[in-house]
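The structure follows.
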Amino acid sequence: MGTLLKCYRPFFSTRTLQLGTHCFNNPKRRIRCLSTTTTTSSSHSQPSIDVATKSESPASSELWLHNTMSRKKELFKPKIEGKVGMYVCGVTAYDLSHIGHARVYVTFDVLYRYLRHLGYQVTYVRNFTDVDDKIIARANELGEDPISLSRRYCEEFNRDMEYLHCLPPSVEPRVSDHMPQIIDMIKQIIENGHAYGVDGDVYFSVDKFPDYGRLSGRKLEDNRAGERVTVDSRKKNPADFALWKSAKEGEPFWDSPWGPGRPGWHIECSAMSAAYLGYSFDIHGGGMDLVFPHHENEIAQSCAACKQSDISYWIHNGFVTIDSEKMSKSLGNFFTIRQVIDLYHPLALRLFLLGTHYQSPINYSDVQLESTSERIFYIFQTLYDCESVVSQHVVPTLKDTIPPEIVESINKFYNVFVTSMSDDLHSSVVFGALSDPLKTMNDLLHTRKGKKQALRIESLAALEKITRNALSILGLLPASYSEILQQLREKALKRAKLTEDQVLQKIEERTAARKNKEYEKSDTIRKNLAAVGITLMDNPDGTTWRPAVPLAIQEQQVASP
């Protein structure tokens, strides 16, 4: 456990990723029913946290994760030592993604990053659904080819993920590229007696799978035709779901043993996860809304196709809500990622999403985003100031050049980081603990007492490093501190509906008013700027400004219970 993070290089390499008998560059191979499969990952260096000295009681490197299947936290033990296979259900690509989607993929990006920090080689598979009723309906509205429309929104999704600092997964399979595997799996399910055909459609028979409902805890008699499942009197049980749908006029279709058609929603993930990870792998994840019916049906399908099918950990994140109601496209109460990052920095959105434990619901509001934006500006202003001062000196690398109290502060933060992240990814606790090293840095940078501290530069360098490395593991490290500070200022100006020149002009007017002892005018200028989120700071060299929570929102926060 010696170290927290250095840097990362782009995940994709030009080599072919080989997974057991399956190859990423050849998805058309038949899926084999194997108990386990090997996994690979990129070869680039992993994040690490360097601490000033070893703690007397080092934090544990064990990882505990909440398993939806067992409904409790479990110690993470991969099927193959040192390697992890992880599948996360991706978006149905027919529109821009909303911040509910952002929460899913930020959550699993942090899990991906932390597993790699712990030294695991991770194969992360995240699919695109590019064949679906919603895609077809939207394409018909726009007069566009469904596959073409979906491809366009897949590209938009990847841009959103890049904005949010989500690392690319190892592979991003699409349904339209995996029809052979899907058809093969359906054939196997039929051969094993778990599905039946009706007029070109194929349905999974839930009555043939006694364990149906074990993930969600639902009893079979309580189930009804689920999401995206058309009520059909031809079904043997109303809860039976489609594995294959016969072709309809004007819809895309593929040839199959049951006639032309396309796959049902659930079968695609079972087929693609098996194609790249085998039937037995470590982690399957997604939003809480996928527990039933999607993941419940995946388990049934996969086990019906292969008795050795076994996924160790089912992990689900909580909803993003608006006024305590789940955010979703179907309800129309959503904000797209693009809408939010038009006014707020993407890393402010990422920090907001990580500021609550991933299992808990998180309520979206401008108040929260304003507060998070102010917080992230403070973090990077501190790190920028620290870097600026340290860069003027040659800092020794010897660990004994750091004062004992700074060593203690660093080790305390390090242990909180490891303990919290290893306890089911409690990133919110890490952000709370981050206050101490940031405060210490600001004391050393700006207070009279701090500037006189022995080994001040060495202390600043060590504190900046531990903070930077922790942020990097959490996917919150920008290309440069100065760059993100400028971007945060630009977003604040946009929200305030002001230009920087207008703010500087107001500063000049206020300076003149103060010189003329027009204190009421000076106070009015300051207050008017503060009302729209621009705070003025007076110092011996003049007046500067920084983004802040607008006064009205501050008052709203105080009034809230």
Side-chain angles (χ1 to χ4, degrees), residues 163 339-349 351-352 365-392 435 438-439 441-451 460 464 478-559:
Y163 292 143
Q339 286 174 316
V340 175
I341 66 176
D342 182 52
L343 292 175
Y344 298 95
H345 196 282
L347 288 189
L349 175 56
L351 180 59
F352 163 71
S365 69
D366 288 343
V367 175
Q368 295 285 353
L369 262 292
E370 289 285 356
S371 296
T372 306
S373 293
E374 183 179 51
R375 175 68 174 170
I376 207 163
F377 188 89
Y378 165 72
I379 290 170
F380 291 118
Q381 184 68 65
T382 301
L383 294 174
Y384 172 77
D385 292 346
C386 190
E387 184 182 64
S388 299
V389 170
V390 171
S391 65
Q392 299 173 30
S435 297
L438 290 170
K439 182 181 183 302
M441 275 186 268
N442 275 304
D443 287 345
L444 291 168
L445 286 165
H446 304 299
T447 67
R448 184 176 300 175
K449 180 181 178 182
K451 289 179 180 180
L460 285 170
E464 189 272 338
S480 77
Y481 300 145
S482 60
E483 184 179 301
I484 191 174
L485 290 172
Q486 182 56 31
Q487 292 167 350
L488 287 163
R489 288 189 189 96
E490 290 168 359
K491 296 291 185 184
L493 289 168
K494 188 169 187 177
R495 295 195 298 274
K497 297 181 172 61
L498 293 170
T499 66
E500 184 152 28
D501 286 343
Q502 288 173 324
V503 172
L504 294 177
Q505 183 180 345
K506 290 295 181 183
I507 289 174
E508 288 179 8
E509 290 176 13
R510 178 173 172 272
T511 300
R514 294 174 76 197
K515 285 181 180 178
N516 296 328
K517 298 185 179 181
E518 297 173 318
Y519 298 121
E520 187 175 344
K521 180 180 180 180
S522 168
D523 290 344
T524 299
I525 292 171
R526 175 191 282 274
K527 188 172 182 179
N528 288 342
L529 288 173
V532 293
I534 306 295
T535 290
L536 301 184
M537 299 173 293
D538 297 319
N539 56 67
D541 298 323
T543 301
T544 57
W545 71 274
R546 65 172 176 83
V549 178
L551 278 180
I553 290 180
Q554 291 183 38
E555 292 165 1
Q556 185 178 336
Q557 287 175 309
V558 171

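We use all heavy atoms of the structure for the numbers below, so side chains are in, but hydrogens, waters and symmetry mates are not. The shown structure was predicted, so the numbers you read here are calculated from the model rather than taken from an experiment.
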Quiz prompt | Spacing of Y384 atom OH and S480 atom OG [to the nearest 0.5 Å] | solution = 9.0 Å

Exercise. Evaluate the side-chain proximity of V340 to H345: yes if any heavy-atom separation is below 4.5 Å, no if none is.
Key: no

Self-check item: From CG (D541) to CG (N539), nearest 0.5 Å
Solution: 5.5 Å

Quiz item: So among D523, I525, T524, L529, which one has a side-chain contact (heavy atoms from CB on, under 4.5 Å) with R510?
Solution: I525

Quiz item: Do the non-hydrogen side-chain atoms of D342 and K494 ever get within less than 4.5 Å of each other?
Solution: yes

Quiz prompt | Side-chain heavy-atom pair E387, Y481 within 4.5 angstrom cut-off | solution = yes

Quiz item: Under the side-chain contact (heavy atoms from CB on, under 4.5 Å) criterion, do K527 and L551 qualify, and how do the steps go?
Solution: CA-CA 8 Å; K527 188 172 182 179; L551 278 180; 4.1 Å; yes

Quiz item: Does the pair E374/R546 count as a salt bridge with the N-to-O cut at 4.0 Å?
Solution: yes

Quiz item: Heavy-atom distance under 4.5 Å between the side chains of F377 and R489, does that happen here?
Solution: yes

Quiz item: Within the side chain of S522, is there an N or O that forms a donor-acceptor pair under 3.5 Å with the backbone of E518?
Solution: no

Quiz item: Any donor and acceptor pair, going by atom type alone, linking the side chain of K491 with main-chain N or O of I341 inside 3.5 Å?
Solution: yes

Quiz item: Ion pair present between R526 and D538, side-chain N to carboxylate O less than 4.0 angstrom?
Solution: yes

Quiz item: Would you say the side-chain atoms of Q381 and D385 include a donor-acceptor pair closer than 3.5 Å?
Solution: yes

Exercise. Supply the atom-to-atom distance L369 CG to Y344 OH, rounded to the nearest 0.5 angstrom.
Key: 5.5 Å

Exercise. Taking the side chain as every heavy atom from C-beta outward, state whether K449 and D443 have any pair of such atoms under 4.5 Å apart.
Key: no

Quiz prompt | Min side-chain heavy-atom separation E500-L493 under 4.5 Å | solution = yes

Quiz prompt | Separation between CG of L438 and SG of C386, rounded to the nearest 0.5 Å | solution = 9.5 Å

Quiz item: Closest heavy-atom contact between E370 and V549?
Solution: O-CG2, 3.7 Å

Self-check item: Contact summary for T372 and F352, nearest pair of heavy atoms
Solution: CG2-N, 3.6 Å

Self-check item: Side chains of P547 and I534 in contact at under 4.5 Å (non-hydrogen atoms)
Solution: no

Quiz prompt | From L445 atom CG to T382 atom OG1, the distance as rounded to the nearest 0.5 Å | solution = 7.5 Å

Quiz item: Looking only at heavy atoms, what is the nearest atom pair of A548 and T535, with distance?
Solution: CB-OG1, 3.0 Å

Practice problem: Write down the atom of P346, the atom of Y163, and the distance for their closest heavy-atom approach. | Solution: CB-O, 3.1 Å

Quiz item: Within the side chain of S371, is there an N or O that forms a donor-acceptor pair under 3.5 Å with the backbone of Q368?
Solution: no

Self-check item: Interatomic distance, L343 atom CG to S373 atom OG [nearest 0.5 angstrom]
Solution: 9.5 Å

